[in-house]
Structures are given as structure tokens and as C-alpha cells.
Amino acid sequence: MDSDESRSAIAYRQIAGYIDNVADGARLPPEADFAEMFGLSRASIREALARLRAEGIVRSRKGSGTFAIRTGAPEMVRLSAISSLRELAQWHEVRLALESEVAALAADRRTEDDLARLQAAQEALLASLLTGRGEREDVAFHAALAVCAHNPKLSDALGRLTSHIFSWGNLSAQRSVLTMAERRELIALEHGAIVAAVAARDGDRARAEMRRHLLAGRTRVLSDLQT
């Protein structure tokens, strides 16, 4: 554990990063799932969610779960609507430029606890891909990486951008010709290379591996949507 940060504060940072990557009103995972994703106790997750509720970032509904609230949050930039594959490709380029640099900063700035949670997020994603497409766990992985950069402004901007193009990604997943086994193999290789670069504190390699991952992902998404 970081010496100057409590477990509940770490949980708060991790969940806030996750929320940055989902749409307004999205239902959040249960406490137990967050605990597994981030390698933290349910007690710390519970405390973090209580703080997020107090700040108006999440809302709990009895019997329904906890939901993200993004409409009242200040926006760094206003994102234009995506109405064509050309605009989708353009927004992917924006994400490519932003998240590649986030990966480099993550390698330079991550703590040992940050790295452990990033590795846990990757393991949770690979486990989920044994039975499904792992969309929620994929969001958690990229959120955990952004948290490693220790820049909440970048994390917020990246989260909003990822959420902006997420619905197109879901549509691509529905049309994908890849099997779950093939998708799992690609994620293991591409995400694994990013994690390895972050672990080695190699910012240039982390940037290059993220760029490679996002370019390959963009090619797959656009190919799926054009079929």
C-alpha cells in the first residue's frame, strides 16, 4: 500500500477512473466485483462508494444497484456527435494520441501498488474472456492504466473520450468475426505488452505498445462495422 494513501483513498481513485470510462447512468459493478478488479477489500470499496455518493458522482437505488452520474461533472472539452465511420475513425485518432501518452506517463509514474492493480485488472479481463466478451473488465483495465499516470485531468479526458466511442465498440463486438478464444489471445498479447512496459518503467515502449494496440483495435472495429 502507498505510504501516504489509505486503501479507501486508493479505492476512490480506482473507481473514479472506472467511472470516467463509462456512460452517464451506467450501472456500476457490485462491490465484490470492484474488490476483485482492483485487488482491494470490500470495506475499502464501500467507503469509496460512500464518498462518491456524497460528491454526487454515483447514485444508489435500492434493489437496483449503483449508477454513474456524469451529467453534472465539468467537461474539459465538448465532444461532437459521431454520425459516420469517418468521424469514428477521427475520434479513434484522438484517443490514439491521448492514450499513447497516458501509457508513457503511467510507466514513468506508477507505484508498485498501481502496477499490482493494473496486473489484477488484466487478469480479471482474461478470466472474463473465458465466458464472455469482457467489455466491463476492458474498461477497468484502461481506467487502471490511466490512474497510473497520476493526472486526473488526463484520466477524465480519456474517460470521456472512451465513453463517447463505446457504443460503436459494442456494435462492432456484436458483428465481430473473432471467436472469444481469438479475442482473448489478442488481449493477452497486446495488453500484456503494455503491462510489461509499464512494469519495466519504459515509457517509450509503453507508448509504442499502446499505439500498436489501439491501431490494431481501430482496424478491427472499422472492419467489423463495414461488413
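Source: prediction; values computed, not measured.
- Cluster membership for Met210 and Leu215, using ILVMFWY side-chain heavy atoms within less than 4.5 angstrom, is shared.
- In this structure, Gln122 and Gly192 approach most closely via the heavy-atom pair NE2-N, 3.6 Å.
- Judged by the 6.0 Å and 45° rule, Arg51 forms a cation-pi pair with Tyr12.
- To the nearest 0.5 Å, atoms CD (Glu31) and CD1 (Ile15) are separated by 8.5 Å.
- Annotation for Arg59: atom CZ does not count as buried by contact number, only 12 or fewer foreign heavy atoms lying within 6.0 Å.
- Heavy atoms only, all atoms of each residue included: Leu129 and Gly134 are closest at CD2-N, 4.0 Å.
- We find the CD1-CZ distance between Ile19 and Phe67 to be 12.5 Å, quoted to the nearest 0.5 Å.
- In this structure, the side chains of Arg95 and Leu158 come closer than 4.5 Å at one or more pairs of heavy atoms.
- Taking the side chain as every heavy atom from C-beta outward, Glu209 and His191 never approach each other to under 4.5 Å.
- Sparse packing is recorded around CZ of Arg211, with 12 or fewer heavy atoms of other residues, nucleotides or ligands lying under 6.0 Å away.
- The residues Glu101 and Arg207 are annotated as salt-bridged, a charged nitrogen and a carboxylate oxygen being separated by less than 4.0 angstrom.
- We find the CD-CG distance between Glu99 and Leu214 to be 5.0 Å, quoted to the nearest 0.5 Å.
- Interatomic distance, Leu49 CG to Ser60 OG, rounded to the nearest 0.5 Å: 7.0 Å.
- Although no hydrogens or angles enter the test, the distance criterion places no donor-acceptor pair under 3.5 Å between the side chain of Ser100 and the main chain of Ala97.
- Between atom CD of residue Gln14 and atom CG of residue Leu40 there is a gap of 7.0 Å, rounded to the nearest 0.5 Å.
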Test Gln119 against Val195 for side chain to side chain contact (heavy atoms under 4.5 Å, CB included), laying out the working first.
CA-CA 7 Å; Gln119 291 168 332; Val195 173; 3.8 Å; yes
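- In the hydrophobic cluster analysis, where Ile, Leu, Val, Met, Phe, Trp and Tyr join through side-chain heavy atoms closer than 4.5 angstrom, Val22 is grouped together with Leu52.
- Residues Asn151 and Arg109 are in side-chain contact: their nearest non-hydrogen atoms beyond the backbone lie under 4.5 Å apart.
- Closest heavy-atom contact between Leu130 and Met180: O-CE, 4.5 Å.
- The closest donor-acceptor contact from the side chain of Arg184 to the backbone of Leu126 lies under 3.5 Å.
- Salt-bridge formation is not detected for the pair Arg133/Asp138: no Lys NZ or Arg NE/NH1/NH2 atom is positioned less than 4.0 Å from an Asp or Glu carboxylate oxygen.
- A donor-acceptor pair under 3.5 Å is formed between the side chain of Arg110 and the backbone N or O of Ala199.
- When all heavy atoms of Ser8 and Glu47 are compared, the pair lying nearest together is CB-OE1, 3.1 Å.
- Taking each heavy atom of Asp33 and Arg136 in turn, the nearest pair found is OD2-NH2, 2.8 Å.
- Pairing each heavy atom of Val198 with each of Ala103, the nearest pair is CG2-O, 4.4 Å.
- A salt bridge links Glu112 with Arg201: the closest approach of a Lys/Arg side-chain nitrogen to an acidic carboxylate oxygen falls below 4.0 angstrom.
- Looking at Arg13 and Asp114, a side-chain N of the basic residue comes within less than 4.0 Å of a carboxylate O on the acidic one, giving a salt bridge.
- In the hydrophobic clustering of this structure, Ile45 groups with Val139; members are Ile, Leu, Val, Met, Phe, Trp, Tyr whose side-chain heavy atoms approach within less than 4.5 Å, directly or through other members.
- Expressed to the nearest 0.5 Å, how far OH of Tyr18 lies from CD of Glu137 amounts to 7.5 Å.
- Crowding of Gln90 atom CD: a count of heavy atoms from other residues, nucleotides or ligands under 6.0 Å exceeding 12.
- Cluster membership for Leu98 and Leu105, using ILVMFWY side-chain heavy atoms within less than 4.5 angstrom, is shared.
- One hydrophobic cluster, built from ILVMFWY side chains closer than 4.5 Å, holds both Ile57 and Ile10.
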